[in-house]
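Each remark here refers to the structure printed beneath this line.
Chain letters run A, B, ... following the sequence lines, proteins first and then strands; every chain starts at 1.
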Amino acid sequence: MSKAAASQLGRARAVLPFIIAAVVIVVVWQIVVTLTQPDPSVLPPPIAVLKSFGRLLGNGQLIVDAAYSLARVFSAWLLSAAIAIPLGLLMGSSESLDRLINPFVELFRPISPLAWIPMAILWFGIGEIGKVFVVAIGVFFPVLLNTIEGVKNVDPTLLNAGRVFGCNTRVALFRRVVVPASLPAVVVGLRIGFGTGWAAIIAAELVAAQNGLGFLIANGMDILRADDVVVGMIVIGLLGFLFDVFFRYLQRRLGHAR
Amino acid sequence: MTDPAHSSGKPLKIVGVAKTYQTRSGATVPALGPISADVAAGEFLTIVGPSGCGKTTLLHLLAGFMSPSDGKIIANGIPISGPSLDRSMVFQSYALFPWLSVVQNVEFGLRSKRLPRLRRRQIALDYLRLVGLQDFAERSIDELSGGMKQRVAIARAFAVEPSILLMDEPFGALDALTRRTLQHELLRIWQERQRMVVFITHSVTEALFLADRIILMSARPGRIKAEWRVSIPRPRDVTSSELVVIERQIYALLDEELAQTFVQDTTPTPAEGRQR
Ligand SMILES: Nc1ncnc2c1ncn2[C@@H]1O[C@H](COP(=O)(O)OP(=O)(O)OP(=O)(O)O)[C@@H](O)[C@H]1O
Ligand SMILES: [Mg+2]
């Protein structure tokens, strides 16, 4: 078998279980609808959701809302990572800095990003800044903690090797060994952070937005369009899933055997 | 006059070196020495001794990862104050940088020497050729077998052209056949380049096969218990009568020390005795 064919087969094997799961969900959903005959505003049948999907896609609303949510998450994620990664690298390599900052981290960490939504509205109104702020908090802690762990878990023998082979200063060792060695852990943090950020933006949009996927489902609820709500939920799930797959791929590319 | 073959460095002097570790609980662990020894430029020295007698400690002191609690180590005429490219190392666990390709690993130390890029690459490829891995230059580390990894590590260590090579059980994790091949290769490279090698091993046979001189260390805190000069030409047959004689002597003394280690490990110290 050719290499390309083999890898195609491998990919099919990886995707197949997800397709089966999706089919099972739709079938069970249809069975429940058939058996219980619920009001469509409570649980619409799959076919109605498919129709709404076509409508929302056709009139562009779905694309616009998804784009809003993604843009918010990405800007918050970049912003947060830009602070969390350098801070994590420093905290991981300096015992005293870690001791100094860790209490603040541990005291703020249990406060869910969602608990910040009211404060964000009070401080920033319902504009973009407030939502980016909430998401940034959700992204921050996983990225920070994974980065710190990554740095602390760098194999001490690699540090010795770095020193033997010419990293004479802490800065050189940091740049040439510590940073690249902890990169896989940073990517794990970025992946988990994206996941929490994605959850947070939907919640923030439920409460305070005029667009975005969170708004789409909140609005669907208000106007008793459960089919729109389910479309929104499916798109939220799919996008979250796809980004997770992308990050896992990145992780494998960078995640050299340790 | 200096012997041209041995001109790449001065002797290494270990003067009354001892190391005591401080554990977190505040206890002190005398791990090594005091020991004194001179190693000649270009000499192949192997060190054997019971587990935990301080061999790695000694090598780390020679590398400059830490300073001795007592005594000093003089390399190239100056006391060691930290790691240096002139004292290169091969680690038991390879310690290759997994985010770099094979050739980039070999180049790592050359980058520190601030050589121009092309020159660096050329030297690295030369040393990869020396260990027979020229065709694997662009591979990633994960794709290599243990034996290949250790070859890369050897190339990396030789590429910086140090006068001293420190090896801590470099072949300890390899299967017997790979081990044998690498022993031959190491000897070949060493004879070509004439660097001082300080080589730690658990294998008496390996020591006999490789060394100009064998030092046997006592149980912790390790001191020099005995040493043998092995002036039999290479390649050696370790079953030859001369080497078997030395082997017997080493095992006899090693057994004494192993018994010692056993007693140390199983006899409760007074403090422990009281706790019971
Ligand atoms: N960082 C440390 N803190 C406290 N004790 C240590 C430390 N490192 C080593 N020791 C102790 O010092 C002694 C010597 O250790 P070392 O690793 O040098 O032995 P070794 O001869 O290399 O052993 P092996 O043959 O098993 O590799 C051991 O008893 C060990 O427990
Ligand atoms: Mg050891």
Can you establish whether the number of heavy atoms outside E192(B) located under 6.0 Å from its atom CD is more than 12?
-> yes
Flag if over 12 foreign heavy atoms under 6.0 Å of CG, L97(A) = yes
Contact class of R156(B) relative to chain A, heavy atoms under 4.5 angstrom = both
Under the side chain to side chain contact (heavy atoms under 4.5 Å, CB included) rule, what do R176(A) and F108(B) come out as? Steps first, then yes or no, please.
-> CA-CA 9 Å; R176(A) 296 186 67 196; F108(B) 191 94; 3.5 Å; yes
Look at atom CZ of R188(B) and say whether more than 12 heavy atoms of other residues, nucleotides or ligands are closer to it than 6.0 Å.
-> yes
Interatomic spacing from CG in N160(A) to OG in S93(B) - rounded to 0.5 Å = 9.5 Å
Rounded to the nearest 0.5 angstrom, the OG1-CD distance for T157(A) and Q92(B) is 10.0 Å
The reported gap from OG in S84(B) to CG in N168(A) (rounded to nearest 0.5 angstrom) is 8.0 Å
Tell me, do V179(A) and W99(B) make a side-chain contact under 4.5 Å, heavy atoms counted?
-> no
Heavy-atom proximity to chain A below 4.5 Å, by part of L96(B) = backbone
Of the non-hydrogen atoms in S88(B) and V164(A), which two are nearest, and what is the gap between them?
-> CA-CG1, 3.8 Å
Pairwise distance CZ(F165(A)) to CZ(R111(B)) - rounded to 0.5 angstrom | 15.0 Å
Would the number of heavy atoms belonging to other residues, nucleotides or ligands and lying under 6.0 Å from CZ of F18(A) be above 12?
-> no
Any idea which of A153(B), G109(B), P83(B) has the most non-hydrogen atom pairs under 4.5 angstrom with chain A?
-> P83(B)
Which atoms of D155(A) approach chain B - backbone, side chain, both or neither, heavy atom under 4.5 Å = neither
Could you tell me which portion of F91(B) (side chain, backbone, both or neither) has an atom closer than 4.5 angstrom to a non-hydrogen atom of chain A?
-> side chain
Heavy-atom neighbours of K113(B) NZ exceed 12 at 6.0 Å | yes
Return yes when atom CZ of F141(A) has more than 12 non-hydrogen atoms of other residues, nucleotides or ligands closer than 6.0 Å, and no otherwise.
-> yes
